[in-house]
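Below, each value reflects all heavy atoms present in this structure, side chains not excepted, and no hydrogens, waters or symmetry copies. Numbers here are sequence positions counted from 1. Small disclaimer: the values here were computed from a predicted structure and weren't measured. We count ligands from 1, going down the list as the structure has it; atoms in each ligand are counted the same way.
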Amino acid sequence: MNIPWENKPAGCRDTVWRYSANPIIKRDQLSDSNSIFNSAVVPFGKGFAGVFRCDDRNRRMTLHAGFSQDGINWDIRPETIRFERENPEAGEWVYGYDPRVCFIEDRYWVCWCNGYFGPTIGVAWTKDFEHFHQVENAFLPYNRNGVLFPRKIDGMYAMLSRPSDTGHTAFGDIFLSFSKDMEFWGRHRHVMSPAPFEESAWQCMKIGAGPTPIETKEGWLVIFHGVLRSCNGYVYSFGSALLDLEKPWKVLARSGQYLLSPQTLYECTGDVPNVAFPCAALHDPETGRVAIYYGCADTVTGLAFGYIDEIIEFTKRTNIVK
Ligand code: BMA
């Protein structure tokens with residue numbers, strides 16, 4: 001599969017490296033966008049499609065569909081996604097942000113942080129990225145970072161999520177829930193808590209799942225963000241974990257080091273400084289390549305690359321799971 005790619009720069013010792021032409025999506029790509037970041041893409045047709053977080057110049061958080069031939073140059077639709085609600089009682093549109101997209105069986109499922117008396121997980125499906133069918137919210141408020149697995153596990157859909165609060169949540173564990181029908185969610189399992197700061201400070205305040213987990217022989221490869229509270233505010237980095245294939249609430253390994261932390265100008269300056277927030281990853285099983293899409297400083301969208309085998313090796317080498 002022809003996913004975006006750029007070889008590791010000579011002399012680079014990092015497991016994951018940035019695209020040299022970052023950011024790939026600028027803040028004002030739409031005529032009325034304030035920022036475009038924390039967005040999700042998938043293979044679609046001969047190219048790629050995605051759901052983009054576009055905050056407009058009223059500073060409303062909205063979702064837009066987008067299409068691309070190469071995964072780098074994106075045609076983001078100027079109009080917001082108008083979700084068709086199967087049951088209008090499920091709630092009026094208030095706001096939506098931090099989308100994830102996951103192909104399961106015959107359709108693309110979109111999860112996002114949906115305003116319903118506070119943030120919770122909105123769910124919709126589409127087959128064409130033109131029509132989006134919204135189903136029930138997965139959970140009660142407050143919750144964020146809903147991330148689906150790309151296949152059923154034990155005959156059920158599975159979703160990671162991160163219970164939170166109404167504001168800038170100063171805590172946060174990742175949980176796993178199951179559903180037979182994408183409507184009723186249960187059998188909740190704890191997956192991971194923030195790490196002790198003595199062990200891995202970049203993920204010591206809160207954590208949340210990022211891209212759709214990638215199935216590998218060694219387990220589900222999960223890329224997740226972690227937050228450090230510094231004297232100057234929150235710092236968002238991302239690392240990796242391996243979850244058991246059939247019991248994905250069991251963490252086999254978890255990186256003590258970050259894969260990427262905000263260090264470039266476009267990650268360190270913007271509407272919210274010091275944020276690297278991954279929401280999607282394209283991968284090519286044949287070459288083992290992975291292309292990670294991440295929001296930078298809540299302002300623009302960046303791309304980073306790596307090899308699945310090397311990220312797995314990194315996860316095990318820097319493991320903090322006892
Ligand atoms: C989180 C979410 C993200 C955002 C991050 C940093 O709580 O709101 O959308 O990128 O904070 O501001």
- Message: Between ligand 1 and Asp298, is the shortest N or O to N or O distance under 3.5 Å?
- Response: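 Between Asp298 and ligand 1 (N or O atoms, distance only) the closest approach is under 3.5 Å.
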- Item | Contact partition for Thr169 relative to ligand 1, non-hydrogen atoms under 4.0 Å |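 For Thr169, no heavy atom sits under 4.0 Å from ligand 1.
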- Item | Location of contacts on His168 toward ligand 1, heavy atoms closer than 4.0 Å |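 Under 4.0 Å from ligand 1, His168 contributes no heavy atoms.
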- Pick whichever of Tyr236, Tyr294, Tyr234 has a heavy atom sitting closest to atom 7 (O) of ligand 1.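 That would be Tyr236.
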- Query: Is the distance between the ring centroids of Trp249 and Phe149 under 6.0 Å?
  - Reply: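 Judged by ring-centre distance (under 6.0 Å), Trp249 and Phe149 do not meet the cut-off.
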- atom 8 (O) of ligand 1: nearest protein contact (heavy atom, Å):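 Sorting protein heavy atoms by distance from atom 8 (O) of ligand 1 puts Tyr97 CE1, 3.8 Å first.
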- Identify the protein heavy atom lying closest to atom 2 (C) of ligand 1, giving its residue, its atom name and the separation to 0.1 Å.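 Atom 2 (C) of ligand 1 sits closest to the protein heavy atom Asp98 OD2, 3.5 Å.
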- Query: Has Lys152 got its NZ or CZ under 6.0 Å from the middle of the six-membered ring of Tyr157, at an angle within 45 degrees of the ring axis?
  - Reply: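 Flagged: Lys152 positioned over aromatic ring of Tyr157.
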- Hey, can you tell me if Tyr234 and Tyr236 have their rings parallel, tilted or perpendicular (30° and 60° cut-offs)?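 The arrangement is tilted - the two ring planes meet at 30° to 60°.
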- Residues Glu310 and Lys8 bridged, charged N to O under 4.0 Å: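 A salt bridge is present here (some side-chain N lies under 4.0 Å from a carboxylate O).
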- Query: Could Glu105 and Lys127 be called an ion pair, given the rule that one side-chain N must be under 4.0 Å from one carboxylate O?
  - Reply: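 Salt bridge absent between Glu105 and Lys127.
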